[in-house]
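Report on the following structure.
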Amino acid sequence: MTMDISNQNKLSEFYEELKRLNIEVLRPDINDCFADFKTDGEKFYYALGGIKAVGYEAVSNIINERIANGRFESINDFLNRVNPKDINKLQLEGLVKSGAFDKINSNRKSLFDSIPILISKSKNIFEDKSNNQIDLFDAGSNEVNDIIVDTEDWKFEERLSKEFEAVGFFISDHPLNQFKEIFDDYKILDYQSFNNKEDLKESNIAATLLKIQERKTAKGNSYAVLKLTDLTSVFELFIFSDILDLNREILKEGNSLILTLVKSTSNDENRFKRINVQKIGSLKDLLNKSIDEVLFSIKSLKELDEISNFLTKKGETIVKIKINNKDYNFDFQLSNKRNIDRKTINLLRNKEISALIS
């Protein structure tokens, strides 16, 4: 991997292979990782030099300082010990977006927004040391914490998007994890399971778009190669002009998608298999879309009371309720539609109330 340290596409493939082999990969950390890739026989330490715009030589100097004088205990400690020539704006941005400072300060957006101030502070510290000056107003190790911008951290999706920009793939989490709650409702499989089941001809899969390359056939028709990742693998799919034109707005790198795939196999001896993309949708739009109809299957009046707490607002959802136990056996539908979203469904499912969406 060190030989391909500047090739993030290759690093992505290596990372997926390490996951497949169940090898623990320690994600970028300023106090634990090194400039290049290393392993202790059990853990695999991700290379800080593999982060976009960080620079191998600069981060090597930072690691040498850590090895010589100990771990960085705070952002202030980091600025006091590292030469400002090794931490310019792009290098700090890459380290912050990758999560390399998470154990020192977990608010990535706060650090990211503070980078101009931190660089200025670092230069002042270096100049004072060069001039052998002491800042009589230095408040000590807490000073930098006072000048760090106080702001809310990036939300889950944006945090991973920034991480993707720096690392080239998702390493601390996966965007699809925020949508797993709807996988069963839409009968979503992982790509490898669909691909390997010969008798399965059509299925929905969920994947996050890593890269899109648009090309043209010899006749001038547009098509695109999509590089995608789900929770188990990285794979590629082709889409032709009709699907491409219909979905340009959502075919953005980092977007999570639901794709309907259809498998066809030739009847010749080679048994050539082709997978076609029939339909593409946005998982975010799907999650926020209002539910057309839901059937609650309950076993007691207590559960009915629980459901009624969430049925107070009028909306667009048809609500059907089935009560089935030794004393009651009723099927009915509410006369007025209610406002039911997926968050409500998930809350009720967490209370072990069955909810079937249609």
Side-chain angles (χ1 to χ4, degrees), residues 7-20 25 27-28 46 50-52 94 97-99 102 108-109 153-196 202-215 223-240 243-244 246-262 275-289 342 346:
N7 188 336
Q8 291 186 317
N9 287 332
K10 281 285 187 182
L11 296 182
S12 174
E13 294 173 9
F14 291 140
Y15 176 67
E16 290 300 323
E17 181 64 13
L18 289 171
K19 285 202 305 182
R20 189 185 69 80
V25 180
R27 61 188 179 87
Y46 196 83
I51 300 169
K52 188 176 180 180
K97 288 192 293 186
S98 72
D102 279 2
R108 295 185 191 179
K109 187 177 190 304
D153 201 358
W154 289 314
K155 300 297 184 183
F156 178 84
E157 197 167 29
E158 187 174 7
R159 187 178 174 93
L160 288 185
S161 176
K162 298 292 186 184
E163 184 178 296
F164 178 80
E165 290 174 8
V167 182
F169 51 94
F170 304 105
I171 193 168
S172 67
D173 208 329
H174 199 291
L176 291 184
N177 281 325
Q178 64 185 317
F179 302 107
K180 285 172 68 176
E181 62 201 27
I182 67 172
F183 280 15
D184 288 341
D185 291 332
Y186 292 92
K187 299 178 175 59
I188 289 173
L189 293 180
D190 64 82
Y191 175 77
Q192 291 299 336
S193 294
F194 171 71
N195 190 37
N196 293 334
E202 181 176 336
S203 180
N204 290 329
I205 68 162
T208 300
L209 183 61
L210 298 178
K211 191 173 185 180
I212 177 170
Q213 293 180 300
E214 190 168 336
R215 299 171 181 170
Y223 72 97
V225 182
L226 309 181
K227 185 177 183 181
L228 301 148
T229 173
D230 62 14
L231 295 172
T232 61
S233 64
V234 173
F235 53 94
E236 289 185 346
L237 293 171
F238 291 82
I239 58 171
F240 295 99
I243 299 294
L244 176 61
L246 278 172
N247 297 283
R248 287 187 184 278
E249 289 299 313
I250 60 172
L251 288 173
K252 309 293 184 185
E253 294 179 3
N255 278 3
S256 293
L257 310 167
I258 179 170
L259 303 97
T260 302
L261 305 185
V262 177
I275 293 178
N276 296 315
V277 179
Q278 191 176 70
K279 189 165 60 173
I280 303 176
S282 164
L283 277 174
K284 181 186 283 187
D285 292 345
L286 195 63
L287 190 65
N288 295 329
K289 181 183 176 184
R342 292 192 174 276
N346 293 329

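- To the nearest 0.5 angstrom, Arg27 atom CZ is 8.0 Å from Ile171 atom CD1.
- Using a 4.5 Å heavy-atom threshold, the side chains of Gln278 and Leu259 count as separate.
- Across all their heavy atoms, Glu253 and Lys211 have their closest contact at OE2-CA, 3.5 Å.
- The OH atom of Tyr186 lies 9.5 Å from the CG atom of Asn204; values are rounded to the nearest 0.5 Å.
- Of all non-hydrogen atoms in Gly94 and Ala166, the two that sit nearest each other are O-CB, 3.7 Å.
- Here Ile182 contributes atom CD1 and Leu287 contributes atom CG; the two are 5.5 Å apart, rounded to the nearest 0.5 Å.
- Using a 4.5 Å cut-off on side-chain heavy atoms (C-beta onward), Lys279 and Ile243 make no contact.
- Checked options Leu228, Leu210, Asn195, Asp190; the residue passing with Phe235 is Leu228 (criterion: side chain to side chain contact (heavy atoms under 4.5 Å, CB included)).
- Of the residues listed (Ile258, Thr260, Ile239), the one engaging Ile280 in a side chain to side chain contact (heavy atoms under 4.5 Å, CB included) is Ile239, and it is the only one.
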Query - Evaluation steps, side-chain contact (heavy atoms from CB on, under 4.5 Å), between Glu214 and Leu244 - result: CA-CA 9 Å; Glu214 190 168 336; Leu244 176 61; 3.7 Å; yes

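- Nearest heavy-atom pair, Leu231 versus Asn177, reported as atom, atom and distance to 0.1 Å: CD2-OD1, 3.6 Å.
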Report task. I would like to know whether Asp230 and Leu176 meet side-chain contact (heavy atoms from CB on, under 4.5 Å); could you show each step before the answer? Result -> CA-CA 7 Å; Asp230 62 14; Leu176 291 184; 4.0 Å; yes

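- Between Tyr191 and Leu261 the shortest side-chain heavy-atom distance falls below 4.5 Å.
- Comment: Lys109 does not engage Glu158 in a salt bridge, judged by the lack of any side-chain N to carboxylate O separation of less than 4.0 angstrom.
- Taken to the nearest 0.5 Å, the OG atom of Ser282 stands 11.5 Å off from the CG atom of Leu209.
- Using modelled atom types, one finds no donor on one side chain facing an acceptor on the other under 3.5 Å when comparing Thr229 with Thr208.
- Separating the CD1 atom in Ile188 from the CZ atom in Phe179 is a distance of 10.0 Å, to the nearest 0.5 Å.
- The two residues Leu160 and Pro175 come nearest to each other via the heavy atoms CD1-N, 3.5 Å.
- Residues Phe194 and Ile275 are in side-chain contact: their nearest non-hydrogen atoms beyond the backbone lie under 4.5 Å apart.
- Residues Val225 and Arg215 form a side-chain contact, since some pair of their non-hydrogen atoms from C-beta on lies under 4.5 Å apart.
- Of all heavy-atom pairs spanning Asp173 and Phe170, the tightest one is O-CB, 3.2 Å.
- Considering only heavy atoms from C-beta on, Gln178 comes within 4.5 Å of Glu157 through its side chain.
- Checking each of Arg108, Lys162, Arg159 against Asp153 for a salt bridge (charged side-chain N to carboxylate O under 4.0 Å, His left out) leaves exactly one that passes, namely Arg159.
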Requested in this report: Begin from the C-alpha positions of Lys187 and Glu202 and carry the test salt bridge (Lys or Arg N to Asp or Glu O under 4.0 Å) through to its verdict.
Outcome: CA-CA 11 Å; Lys187 299 178 175 59; Glu202 181 176 336; over 6 Å; no

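- The environment of Asn196 atom CG is dense: over 12 non-hydrogen atoms of other residues, nucleotides or ligands sit within 6.0 angstrom.
- One distance of note links NZ of Lys97 with CD of Glu163; it measures 11.0 Å at 0.5 Å rounding.
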Requested in this report: Under the side-chain contact (heavy atoms from CB on, under 4.5 Å) rule, what do Leu189 and Phe183 come out as? Steps first, then yes or no, please.
Outcome: CA-CA 8 Å; Leu189 293 180; Phe183 280 15; over 6 Å; no

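- Scanning both residues, Asn255 and Ile250, for their nearest heavy atoms gives ND2-O, 2.9 Å.
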**Report entry** Test log, rule side-chain contact (heavy atoms from CB on, under 4.5 Å), inputs Phe238 and Asn276
**Finding:** CA-CA 7 Å; Phe238 291 82; Asn276 296 315; over 6 Å; no

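- At least one side-chain heavy atom of Lys227 sits under 4.5 Å from a side-chain heavy atom of Val234.
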